[in-house]
Amino acid sequence: MTLLDELHAEHDVIEQVAGAFLTYAASPAAVRSRDEGAAFLRFFRMYAGQFHHAREEDTLFVALRDRAGLPANRGPIATLIADHERMAGLIAGLASCLDGRADAGERLQEFATAYVHALWHHIDAENSVLFPECEPRLRRNGVTQLPSRPMTADERQALSEGQALVARYPPPANPDVMRGDGCIMCPAFGVTCRGLELEWWNEWEWDEFDDRMSGA
Ligand SMILES: [Fe+2]
Ligand SMILES: [Fe+2]
């Protein structure tokens, strides 16, 4: 499904620029410029937020709710939307560290780490659980394609600035955060989401599971 392929590819770019932002935030104030800080913010707001997260919310999640009958007020969809909102709030905090009035030093690193780690966990959850699970569920309900849209000129510019920043601030090779696939690695598991099986499985999926476990 083209939209899913696009979203997946966008994750790769967002993940890299997020890593570059950690390197930027950890760099001495004399090395990193405020213009670069503003370019990172534009990337996160326009490319990660306005382009990427928005298409997830207004196209993919809507289709999962309306066409595949999945709940949007709890479970994975509600958790992922809450993540988007929380990350937008963290960007507002980042902006206050990068607004040019004073160098925020440690505060910048703190906000950058919180934002980037939240973004990486979010990407891991979408790549390893949401995307593989939603395609067959949509297909079973007759949805084989979802609409997408091209980037606006501003979004394209934000993307190319972000890519240039990855070259200037290479992401850390061994970031100090545990990452991985599946519900069990998701910080929302057991907090705002009970896991895929309890949230999304229907009766026949449970029946099939019971049959498999009993060797039938
Ligand atoms: Fe997302
Ligand atoms: Fe995403």
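Heavy-atom basis, side chains included; hydrogens, waters and symmetry copies ignored. Order of listing sets the numbers, starting from 1, for every ligand and every atom in it.
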- Contacts of type salt bridge (Lys or Arg N to Asp or Glu O under 4.0 Å), residue Glu126, not counting sequence neighbours: none
- State whether the side chain of Tyr24 and the backbone N or O of Gly37 hold a donor-acceptor pair below 3.5 Å, judged by distance alone. yes
- the Fe ion (ligand 1) neighbourhood, protein N/O/S only, threshold under 2.8 Å: Glu56 OE1, His84 NE2, His122 NE2, Glu126 OE2
- Item | CD/Gln145: more than 12 non-hydrogen atoms of other groups inside 6.0 Å | yes
- Query: Closest approach of Thr23 and Pro171, non-hydrogen atoms and distance?
  - Reply: OG1-CA, 3.7 Å
- Cation-pi between Arg42 and Phe44: NZ/CZ under 6.0 Å from ring centre and within 45° of the ring axis? no
- Are any side-chain N or O atoms of Tyr169 and backbone N or O atoms of Ser27, one a donor and one an acceptor, separated by less than 3.5 Å? no
